[in-house]
Participant: 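A single structure is presented below for examination.
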Amino acid sequence: MNVDSLVIEAEKECLNIFKEIDNNEYYFSNLVLNAFREENVNESHFNMTTGYGYNDIGRDAIERVFAKVLKGEKALVRNQFISGSHALSTALFGILRPGDTMLSITGLPYDTLHEVIGIKDNASSLKSFNINYEQIDLKDNKFDIPKIIKRLQESKIKLIEIQRSKGYSTRKSILIKDLKELIEKIRKVDKEVIIMIDNCYCEFVEKTSPLEIGADIIVGSLIKNLGGSIASNGAYIVGKENLINLCAERLNLPGEGIDVGPSLGANKSILQGLYFAPSVVASSLKTAVLTSYLMDKLGFAVEPKYNESRADIVQNLIFKDKYLLIKYVQGIQKYSPIDSNSMPIPSPMPGYDDEVIMASGAFTQGSSIELSCDGPLREPYIAYQQGGVTYNYGKIAIINAIKELINKQ
């Protein structure tokens with residue numbers, strides 16, 4: 001099948017889907033711009049602080065803007081966070097105390113949290129502090145609500161953790177409508193349990209924030225959606241003020257918390273990244289939709305389908321063949337702007353049990369809002385593709401990666 005002809009067909013078929021993505025981009029652009037205007041963001045907010053970071057007006061403005069955009073009472077947005085996993089770890093250690101129990105209701109969390117929780121032995125884990133962990137798996141890609149309610153009725157759960165995006169699992173990502181139904185049922189049983197959402201990859205995909213439907217705290221990375229490919233590092237925690245204060249004191253130190261932490265010149269890139277995020281996320285979604293259509297027509301299993309509702313920017317390509325997974329990922333790297341001459345090979349990575357192959361020809365190391373594609377070397381050999389700073393850059397890479405794949409089968 002001619003790939004170029006198939007792309008023309010795909011873009012005609014996806015016209016209404018792309019229009020809906022454009023409408024969402026307009027909504028989020030308006031949301032972000034209004035937050036900037038309401039908080040009077042100005043050039044002085046680009047100035048940096050060093051040392052303790054006292055009176056960093058730019059950092060404080062950023063946190064007020066993020067709180068408005070994500071519909072939270074307060075935000076902790078810091079370049080001291082090295083990743084979304086670091087922010088998740090900070091939140092868990094900040095909120096939980098010895099004897100508490102946390103419950104994951106989306107099954108096993110992402111690989112990089114296993115040592116944080118103590119699923120995998122580590123002397124610094126939550127488990128080593130006598131914090132208990134339990135999990136309830138999804139059932140047919142849905143929350144197992146009867147089992148969740150039964151567990152909440154048995155004994156006190158301090159915190160429920162929900163990972164919206166699929167990570168390296170084969171399940172579907174969690175849509176807002178399913179999250180809303182779940183939270184309503186949880187609150188009928190326990191009004192006090194803390195509901196924490198791992199919101200990585202999901203920002204600016206659906207119009208409703210999890211905080212608007214009853215979640216207490218959400219966490220995400222700035223080298224994913226909300227960094228707009230411009231923020232060079234960092235992450236956010238947004239939610240109820242008392243919980244954000246606990247997280248800030250865990251990140252920094254008790255008694256100083258959110259009032260310290262130097263911006264070290266990051267303020268401008270964080271603000272500019274958020275400003276561009278609606279457009280970049282829209283491009284990422286269009287790239288994912290195009291990829292899904294093309295690969296499905298070429299006979300590969302995909303999830304989600306091109307015309308299905310999306311909760312995040314991640315597109316699964318299920319190869320069921322190690323060789324094909326490797327070749328596709330190598331094709332994405334070859335048509336990336338940075339390190340296009342590099343050849344990704346499967347290799348061990350910190351925090352992962354399996355070897356991982358990763359294409360990430362990005363301006364920021366590990367940035368997955370820039371077009372990236374990775375996957376663990378385990379059955380059914382899934383490539384997890386995300387990002388695309390512009391639709392055309394994403395389109396060019398996808399077309400050529402598919403041609404490389406077809407030519408080498």
Side-chain angles (χ1 to χ4, degrees), residues 1-7 9-10 13-14 107-108 110-112 137-138 140-141 165-173 201 284 287-308 310 312-336 339-362 366 368 370-388 394-409:
M1 189 178 288
N2 183 283
V3 176
D4 295 314
S5 298
L6 193 56
V7 170
E9 174 191 311
E13 184 66 28
C14 297
L108 200 62
Y110 195 60
D111 300 50
T112 50
D137 295 335
L138 295 173
D140 300 324
N141 285 307
S165 193
K166 57 183 71 71
Y168 277 163
S169 74
T170 57
R171 69 168 174 86
K172 292 179 182 291
S173 298
Y201 298 108
S284 297
T287 302
V289 168
L290 177 69
T291 305
S292 182
Y293 187 98
L294 296 177
M295 294 298 280
D296 182 53
K297 290 293 184 181
L298 291 168
F300 294 96
V302 297
E303 198 288 312
K305 299 280 191 181
Y306 79 96
N307 55 357
E308 286 186 301
R310 291 174 181 266
D312 59 21
I313 63 169
V314 182
Q315 179 62 51
N316 281 19
L317 307 172
I318 302 132
F319 288 102
K320 301 179 183 177
D321 183 306
K322 179 168 65 175
Y323 174 80
L324 294 178
L325 166 62
I326 292 170
K327 288 301 174 187
Y328 184 81
V329 172
Q330 289 174 343
I332 294 294
Q333 184 72 43
K334 188 174 179 179
Y335 291 91
S336 296
D339 295 327
S340 60
N341 61 332
S342 298
M343 179 72 78
I345 59 172
S347 58
M349 285 186 67
Y352 298 89
D353 292 331
D354 301 282
E355 286 190 332
V356 174
I357 184 164
M358 178 175 290
S360 182
S368 45
E370 302 179 59
L371 185 63
S372 61
C373 189
D374 51 277
L377 267 288
R378 64 181 180 229
E379 294 183 344
Y381 300 111
I382 300 174
Y384 298 83
Q385 180 183 293
Q386 54 272 315
K395 176 180 170 180
I396 291 165
I398 298 309
I399 289 171
N400 286 288
I402 289 174
K403 287 179 177 178
E404 295 268 330
L405 179 69
I406 292 172
N407 292 336
K408 293 180 179 179
Q409 279 194 69

Participant: Taking all atoms of both residues into account, what is the closest heavy-atom pair of L371 and G387, and its distance?
Facilitator: CD1-O, 3.4 Å

Participant: Evaluate whether atom CG of D140 has more than 12 neighbouring non-hydrogen atoms of other residues, nucleotides or ligands under 6.0 angstrom away.
Facilitator: no

Participant: Within this structure, what is the CG-CD1 distance for the pair N400 and I332, rounded to the nearest 0.5 Å?
Facilitator: 9.0 Å

Participant: Any heavy-atom pair between the side chains of Q315 and Y306 that's under 4.5 Å?
Facilitator: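 SC-SC contact between Y306 and Q315 ruled out.
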
Participant: Is there side-chain contact between F300 and I402, with at least one heavy-atom pair below 4.5 Å?
Facilitator: no

Participant: Determine whether E13 and N307 satisfy the following criterion, side chain to side chain contact (heavy atoms under 4.5 Å, CB included), listing intermediate values before the conclusion.
Facilitator: CA-CA 10 Å; E13 184 66 28; N307 55 357; over 6 Å; no

Participant: Can you list the steps and then say if E404 with K327 is a salt bridge (charged side-chain N to carboxylate O under 4.0 Å, His left out)?
Facilitator: CA-CA 8 Å; E404 295 268 330; K327 288 301 174 187; over 6 Å; no

Participant: What closest approach, in Å, do S173 and S165 show between heavy atoms, and which atom pair accounts for it?
Facilitator: OG-CA, 3.6 Å

Participant: Looking at every non-hydrogen atom in both residues, tell me the closest pair between P376 and L325 and how far apart they are.
Facilitator: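 Reported closest heavy-atom pair: O-CD2, 4.0 Å.
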
Participant: Under a 4.5 Å cut-off applied to non-hydrogen side-chain atoms, are K334 and S340 in contact?
Facilitator: no

Participant: Does some side-chain heavy atom of N2 sit less than 4.5 Å from a side-chain heavy atom of L6?
Facilitator: no

Participant: Look at the aromatic rings of Y168 and Y384 and report parallel, tilted or perpendicular, splitting at 30° and 60°.
Facilitator: tilted

Participant: Can you confirm whether K322 sits close enough to I326 that some side-chain heavy atom of one is under 4.5 Å from a side-chain heavy atom of the other?
Facilitator: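 When only atoms from C-beta onward are counted, I326 and K322 do touch, with a gap below 4.5 Å.
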
Participant: Heavy atoms only: give me the nearest S336-G361 pair and the separation to one decimal.
Facilitator: CB-CA, 3.5 Å

Participant: Is there a side-chain contact between D312 and K166 in this structure, where contact means two heavy atoms from C-beta onward sitting under 4.5 Å apart?
Facilitator: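 In contact.
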
Participant: Rounded to the nearest 0.5 Å, how far apart are NZ of K403 and CD1 of I398?
Facilitator: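 Going from the NZ atom of K403 to the CD1 atom of I398 covers 13.0 Å.
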
Participant: What distance separates E370 CD from S360 OG, expressed to the nearest 0.5 Å?
Facilitator: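 So the CD of E370 and the OG of S360 are separated by 7.0 Å.
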
Participant: Would you indicate whether the side-chain heavy atoms of Q385 and T287 approach each other to under 4.5 Å?
Facilitator: yes

Participant: Decide if atom CD of E379 counts as having more than 12 heavy atoms of other residues, nucleotides or ligands within a radius under 6.0 Å.
Facilitator: no

Participant: Please tell me if the side chains of L317 and Y381 come closer than 4.5 Å, counting only heavy atoms from C-beta onward.
Facilitator: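 In short, these two side chains do not touch, never coming nearer than 4.5 Å.
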
Participant: Quick check: closest heavy atoms across N141 and K172, and the distance to 0.1 Å?
Facilitator: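 Of all heavy-atom pairs spanning N141 and K172, the closest is OD1-N, 2.9 Å.
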
Participant: So how far is it from I345 CD1 to Q330 CD, rounded to the nearest 0.5 Å?
Facilitator: 9.0 Å

Participant: Roughly how far apart are D296 CG and K305 NZ, rounded to 0.5 Å?
Facilitator: 4.0 Å

Participant: Say you draw a straight line from CD of Q333 to CG of D374; how long is it, rounded to the nearest 0.5 Å?
Facilitator: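 Those atoms lie 11.5 Å apart.
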
Participant: Could you pull out the closest heavy-atom pair between E303 and R171, with the gap in Å?
Facilitator: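 Nearest pair, atom of E303 first, then R171: OE1-O, 4.1 Å.
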
